Every structure is written in C-alpha cells, then in structure tokens.
Amino acid sequence: MSVLVDSNVLIDLIDPSVSWHQWSAAQVAEMTNANEALMINPIIYAEVSIPFRDARTVEELLAPFDREALPFEAAFLAGKAFQAYRQRGGARTSPLPDFFIGAHALVGSHRLLTRDAARYRTYFPDVTLIAP
C-alpha cells in the first residue's frame, strides 16, 4: 500500500525539537518497516524546501521518498474542493496546497499521513488518513 506523506510530517522530521517530531518519526519508521511506499509530490516538495538554500540539501532529505507527479484529475478535484471551502466561508488566504495534497491522495488511492486531518476529513472524506 502507498502513503502520501504530508509536508507537515516531513517538516517535523527535520527538527527534533518540535513537539510532533517523535510522533512523525515513529509513523514514518513504522511504515518503512512494513515496506510501505512513502510518496511525495511536487507540492509537498515545494513546501518542505522553503527553509533550505539549495536543492541538493532537499534532495538528500527527501531521497527515501518515492515521487509521483500530481495528476491533472487531482488538480481539478483540488480546485473544486477549494471552491467548496470558499463557499463555506473559508479564508481566501487558506493554503491551496492542502487541497492538492488531499486530491492527489484520493486520485492515487494513497493513504495520507498527516497531523492536520480536519480539512482532509471535510473535503476528502474518502481518503484514509493516518493522523493523531
């Protein structure tokens, strides 16, 4: 089975001092030990890369994760989910990347490892979440 790893989990792994580091590390270790395919996409890559100065560092950090392009079907669903979010009164400043990630998990039949489950549960209820 494949698991799309949300950027918040990867960011937790980078800094051992953050409060979610232990939970995120344990989840990734458990899935690695179970030989599950851990996936990222370009949106996740971009979010994780923000604090780094060069791509080589990001490449080394994310080397253990399989990569998958964002399907166009997922982009369409992300737009529709974002539209529903806005119609419900969601802030215009809300990060659209969460909708791309949720739609990608749905279209790719991936489970989603995240510690930020509320939006995914609301807009992508058919995605299996691995969350605290």
Side-chain angles (χ1 to χ4, degrees):
M1 202 160 226
S2 57
V3 178
L4 192 62
V5 181
D6 198 355
S7 47
N8 56 42
V9 171
L10 295 171
I11 291 166
D12 292 344
L13 295 176
I14 294 167
D15 185 357
S17 69
V18 299
S19 60
W20 285 101
H21 175 80
Q22 188 172 1
W23 181 86
S24 294
Q27 296 302 311
V28 169
E30 182 179 320
M31 290 171 198
T32 300
N33 291 338
N35 291 320
E36 301 210 38
L38 297 174
M39 314 288 297
I40 61 170
N41 66 26
I43 305 294
I44 294 165
Y45 185 102
E47 287 189 310
V48 171
S49 74
I50 291 170
F52 297 97
R53 290 179 168 248
D54 63 87
R56 186 174 57 204
T57 304
V58 179
E59 288 293 327
E60 290 170 6
L61 175 73
L62 297 177
F65 299 91
D66 293 332
R67 295 162 190 223
E68 187 172 275
L70 184 72
F72 282 92
E73 182 183 0
F76 178 81
L77 293 174
K80 294 303 172 196
F82 186 72
Q83 179 182 36
Y85 167 80
R86 291 288 296 131
Q87 288 171 343
R88 289 181 177 176
R92 184 176 303 270
T93 59
S94 173
L96 185 57
D98 288 349
F99 293 99
F100 281 111
I101 292 166
H104 185 183
L106 180 65
V107 169
S109 299
H110 303 302
R111 293 181 298 150
L112 179 58
L113 175 60
T114 185
R115 61 172 170 75
D116 220 6
R119 186 171 294 143
Y120 295 118
R121 282 192 182 113
T122 300
Y123 295 98
F124 302 98
D126 293 333
V127 171
T128 301
L129 299 178
I130 304 160

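Sequential numbering from 1 along the given sequence is applied to the chain's residues. Just so you know, these numbers come straight off a predicted model, no measurement behind them.
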Full working for side-chain contact (heavy atoms from CB on, under 4.5 Å) between His104 and Glu68:
CA-CA 9 Å; His104 185 183; Glu68 187 172 275; 2.6 Å; yes
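Tyr120 and Phe124 have tilted rings, their planes meeting at an angle from 30° to 60° on a 0 to 90° scale.
To the nearest 0.5 Å, atom CD1 of residue Ile101 and atom CD1 of residue Ile40 are 10.5 Å apart. We find the CD-CH2 distance between Gln27 and Trp20 to be 10.0 Å, quoted to the nearest 0.5 Å. Between atom CG of residue Leu62 and atom CZ of residue Phe52 there is a gap of 8.0 Å, rounded to the nearest 0.5 Å. In this structure, CG on Leu61 lies 10.0 Å from CD1 on Ile11, to the nearest 0.5 angstrom. Here OG1 of Thr32 is found 4.5 Å from CG of Leu38. Values are rounded to the nearest 0.5 Å. A distance of 9.5 Å separates CG of Asn8 from CD1 of Ile44, quoted to the nearest 0.5 Å.
Not one N or O on the side chain of Asp6 forms a donor-acceptor pair closer than 3.5 Å with the backbone of Val9. In this structure, the side chain of His110 does not engage the main chain of Val3 through any donor-acceptor pair within 3.5 Å.
Applying the side-chain hydrogen bond (donor to acceptor under 3.5 Å, both in side chains) test to Tyr123 and every residue at least two apart in sequence or in another chain returns nothing. Taking Glu36 as the reference, Arg111 meet the salt bridge (Lys or Arg N to Asp or Glu O under 4.0 Å) condition, with sequence neighbours excluded.
Taken together through direct or relayed side-chain contacts under 4.5 Å among Ile, Leu, Val, Met, Phe, Trp and Tyr, Leu96 and Leu112 form part of one hydrophobic cluster.
At least one cation-pi condition fails for Arg67 and Tyr45: the charged atom is not both under 6.0 angstrom from the six-membered ring centre and inside a 45 degree cone around its axis.
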